[in-house]
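As the structure is a computational prediction, the values presented were derived from the model and not from experiment. Chain letters run A, B, ... following the sequence lines, proteins first and then strands; every chain starts at 1.
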There are 2 protein chains.
Amino acid sequence: MKHRARIADVASLAGVSVATVSRTLSNPDSVKPATRERVQRAIDELNYFMDGSARALASGHGHTVGMVVPTLDNSIFALAVQGLQTTLAAHGYQLLIAAHEYNLETEAQQVRALLETRIDALVLVGTHHAETTWDLVRRSRTPLLVAWAAHESYPSVAFDNRLIGQLAAEHLIALGHRQFGMISGYTRHNDRARQRAEGFIDTLRRNDIAFDKRNLIEQPFGFAGGRTGWARLMQLPVPPTAIFCGNDVLAMGCMFEAQKHGVQLPRDLSIVGCDNLPIVSHLPPGLTTVQLPTYELGIECAHSILEWIEKDVQPVSVCLDIELIVRGTTSHPPKMPTAISANK
Amino acid sequence: MKHRARIADVASLAGVSVATVSRTLSNPDSVKPATRERVQRAIDELNYFMDGSARALASGHGHTVGMVVPTLDNSIFALAVQGLQTTLAAHGYQLLIAAHEYNLETEAQQVRALLETRIDALVLVGTHHAETTWDLVRRSRTPLLVAWAAHESYPSVAFDNRLIGQLAAEHLIALGHRQFGMISGYTRHNDRARQRAEGFIDTLRRNDIAFDKRNLIEQPFGFAGGRTGWARLMQLPVPPTAIFCGNDVLAMGCMFEAQKHGVQLPRDLSIVGCDNLPIVSHLPPGLTTVQLPTYELGIECAHSILEWIEKDVQPVSVCLDIELIVRGTTSHPPKMPTAISANK
DNA sequence: CTGAAAGCGCTTACAG
DNA sequence: CTGAAAGCGCTTACAG
């Protein structure tokens with residue numbers, strides 16, 4: 001045998017019609033057991049593998065969903081993808097994955113490529129996307145699920161990103177802090193980052209605490225961003241005693257840099273991060289963080305999508321619970337801003 | 001318009017044949033510019049998106065490759081996947097991804113599902129797979145590329161896992177250590193882990209250093225595994241002064257637990273990990289590690305696959321360079337094993 | 001429970 | 001440079 005066996009080969013070897021082979025494959029119960037067995041033997045003997053593209057074309061859907069994430073190199077997205085993939089696989093669906101590395105144009109390209117693969121549904125992270133991306137989604141009429149943040153017209157599986165900032169602010173205020181800083185990812189093209197910052201700042205203001213724009217440092221995600229952020233904040237006329245970081249990687253960078261300069265956590269400085277990465281619980285205490293159930297987000301996305309595709313009912317948007325995880329914090333801020341030089 | 005436009009709709013609106021539309025899409029240069037433009041206008045007007053499954057069926061390949069990794073929740077695999085995906089995307093290919101969470105049976109299922117999607121090629125991590133998996137690959141005749149470890153009959157893009165163990169051993173021997181321990185992932189179903197252990201132990205033996213099997217602790221990957229590993233090693237009659245860990249997560253866990261018990265790194269203990277995770281360079285010095293270029297591995301996999309699929313030439317196996325990254329180590333081991341209780 | 005046949009939406013020699 | 005037509009390998013009413 002030179003080539004892949006086709007369904008017709010199986011049919012003739014088993015002495016049945018192609019329709020019966022097809023049924024054996026997709027709806028075994030509708031075939032008499034004896035026939036089913038003969039078909040199965042023929043399949044094994046011929047090393048028959050169904051051709052997914054032919055099935056997709058004939059049946060009208062490809063059992064495939066596409067997702068494009070900013071990056072896989074962050075537990076937070078990796079876990080969500082894994083939760084999504086695992087759940088989809090259990091229901092016979094495949095996952096096409098793409099990363100755009102925080103470039104919205106790249107994202108649009110990846111989305112276009114995915115849409116031409118006839119995916120049954122598309123998952124995008126957040127609500128801020130290139131106009132091209134929105135246009136493609138609209139035109140293609142592919143079901144779109146928004147993850148991580150709520151959208152007003154598309155269904156979503158989200159976290160309340162403003163609440164994250166609020167929890168951080170409330171926690172730090174309760175500890176007695178009055179001088180705040182924040183280290184964030186770039187908010188311009190990142191709705192999650194923007195909402196977290198807004199939630200934080202609004203909560204401060206609602207508590208009659210002034211927050212100057214200069215106390216918000218925007219940095220690329222990464223340890224280096226956290227380090228730079230800390231250094232910048234310490235150069236302010238009145239350095240903060242409490243810092244909220246947009247995620248744990250920034251928070252750890254901030255912490256590492258502070259410690260390098262002799263700052264004692266949590267005595268001299270309170271830091272709140274976000275994500276509750278596994279490693280955080282292994283580091284010396286001092287880092288409080290907001291836990292986001294991202295693996296569950298992936299699973300939830302899968303359920304929403306399956307319902308949408310298979311029952312044709314547009315899923316309702318859901319918002320997942322988050323939790324502040326406190327790991328050793330002083331009950332009050334230092335009396336006065338610790339005087340520390342940010343120079344090496 | 002109720003439904004997705006098809007190529008025939010575009011053709012009639014543009015006043016050309018479907019063949020011409022098809023050419024405009026896949027080989028624009030073979031179409032007169034004026035015609036091309038008319039077709040493009042029709043495409044835009046009708047919101048036409050090509051149906052990937054029909055194209056795949058008609059043309060014979062789906063521009064899709066599949067990869068199944070142990071987990072995405074480890075920078076090391078996430079980076080490789082990202083390198084692979086990015087490179088494939090640049091050449092018009094999609095990536096179907098699946099994770100098996102270190103379960104070989106799950107892997108076999110994922111592989112089966114992928115093979116029925118008519119992927120152009122499959123990437124698997126390592127050489128140890130369920131018999132079912134091998135059988136499926138053979139039967140389906142899908143090009144298989146092995147990543148991370150070399151295989152004798154399939155092409156691979158690999159690291160020399162034995163060399164990793166060897167580098168670690170040589171480094172530690174050169175420092176003057178004579179009592180060694182190793183914390184590894186489970187070697188039974190993991191060829192990378194096994195080869196690293198073998199490389200380490202063989203190098204010790206070649207240097208006339210005895211290594212008792214009990215000094216090899218197998219643990220699940222994770223910080224907890226590293227912690228347990230350290231505790232176990234410290235209970236040995238003669239605790240090691242140097243520990244090689246199968247990866248950085250284990251190494252960090254080992255380090256955290258040692259520090260918790262008052263051990264000073266690198267004064268009292270030398271640890272060597274593997275992977276060179278970004279965070280390692282931010283932790284207090286003391287952790288030496290072996291750097292594996294995993295993003296490059298992903299890119300290299302993509303190139304091998306593209307060559308294989310498009311030129312039909314089976315790629316040659318390649319082995320990527322690795323490098324020992326030393327971050328603060330004593331030049332000699334402690335005079336005698338530090339007496340530390342592993343009890344909490 | 002099973003079969004014959006139309007059709008899914010493209011691509012690709014083959015002519016012109 | 002363009003078109004007519006066969007064919008890719010399945011699924012799915014429709015009959016029986």
Side-chain angles (χ1 to χ4, degrees), chain A residues 1-40 42-43 46-64 92 115-120 140-141, chain B residues 1-40 42-43 46-64 92 115-120 140-141:
Chain A
M1 264 238 323
K2 275 206 57 170
H3 279 74
R4 256 186 179 236
R6 297 147 304 151
I7 203 173
D9 300 322
V10 176
S12 62
L13 180 61
V16 298
S17 71
V18 294
T20 299
V21 177
S22 177
R23 288 191 197 98
T24 307
L25 258 20
S26 50
N27 190 10
D29 293 334
S30 70
V31 176
K32 195 160 61 177
T35 319
R36 208 190 303 159
E37 266 185 34
R38 255 186 312 144
V39 171
Q40 194 53 56
I43 287 176
L46 295 172
N47 293 331
Y48 172 73
F49 281 79
M50 185 165 53
D51 183 322
S53 51
R55 188 234 264 270
L57 176 58
S59 72
H61 71 292
H63 291 271
T64 302
L115 291 175
E116 291 185 336
T117 311
R118 205 188 223 269
I119 48 178
D120 298 318
S140 75
R141 300 174 185 190
Chain B
M1 266 237 323
K2 277 206 55 168
H3 278 76
R4 257 187 178 232
R6 297 148 304 151
I7 203 172
D9 302 320
V10 176
S12 63
L13 179 62
V16 297
S17 70
V18 296
T20 299
V21 177
S22 176
R23 286 190 199 100
T24 306
L25 258 21
S26 51
N27 189 11
D29 293 336
S30 69
V31 176
K32 196 160 59 177
T35 318
R36 209 190 300 158
E37 267 184 35
R38 257 187 309 146
V39 171
Q40 193 54 56
I43 287 176
L46 295 173
N47 293 332
Y48 172 73
F49 281 79
M50 187 167 52
D51 183 322
S53 51
R55 190 234 263 271
L57 176 57
S59 71
H61 71 292
H63 291 272
T64 301
L115 291 175
E116 291 185 337
T117 310
R118 204 188 223 269
I119 48 178
D120 298 319
S140 74
R141 300 175 186 188

Return the minimal non-hydrogen interatomic distance between L25(A) and Y48(A), and the atom names on each side. CD2-CE2, 3.7 Å
Would you grab the first and last nucleotide of DNA chain C (5' to 3') that comes under 4.0 Å of any non-hydrogen atom in chain B? dG9(C) to dA13(C)
Test item: R36(B) side-chain N/O and P28(B) main-chain N/O as donor-acceptor pair under 3.5 Å: yes
For R6(B), give me all partners under salt bridge (charged side-chain N to carboxylate O under 4.0 Å, His left out), at least two apart in sequence or on another chain. D9(B)
Contact nearer the 5' end of DNA chain D, comparing M50(A) with S59(B): S59(B)
Gap between atom CD of E116(A) and atom NE2 of H63(B) - 0.5 Å precision: 11.5 Å
Calculate, to the nearest 0.5 Å, the distance between atoms CD1 and CE belonging to I7(A) and M50(A) respectively. 8.5 Å
I need the residues from residues 17-29 of chain B with at least one non-hydrogen atom less than 4.0 Å from DNA chain C; give them sorted by number, or say none. A19(B), S22(B), R23(B)
Only distances under 3.5 Å count here; give the side-chain donor-acceptor pairs of residues 52-59 of chain A to other protein atoms, sequence neighbours excluded, each with its distance to 0.1 Å.
residue	atom	partner	partner atom	Å
S53(A)	OG	D51(A)	OD1	2.6
S59(A)	OG	R55(A)	O	2.8
S59(A)	OG	H61(A)	O	3.4

State the dot-bracket string of DNA chain D. Criteria: Watson-Crick or G-U wobble, both atom distances under 3.5 angstrom; notation: ( ) intrastrand, [ ] crossing earlier pairs, | interstrand, . unpaired. |||.||||||||.|||
Interatomic distance at C1', dG16(C) relative to dT12(C), whole Å: 16 Å
Would you check if L46(B) and L13(B) make a side-chain contact, meaning some heavy-atom pair closer than 4.5 Å? yes
Using a heavy-atom cut-off of under 4.0 Å over every strand shown, decide if S53(A) touches base, sugar-phosphate, or nothing. nothing
Rounded to the nearest 0.5 Å, how far does CZ of F49(A) lie from CZ of R118(B)? 13.0 Å
Closest to the 5' end of DNA chain D, once K32(B) and D51(A) are matched to their nearest nucleotides, is K32(B)
Can you pull the side-chain hydrogen bond (donor to acceptor under 3.5 Å, both in side chains) pairs that have at least one residue in residues 19-32 of chain A, sequence neighbours excluded? S17(A)-T20(A)
Can you tell me if T117(B) uses its side chain to pair, donor with acceptor, with the backbone of L115(B) under 3.5 Å? no
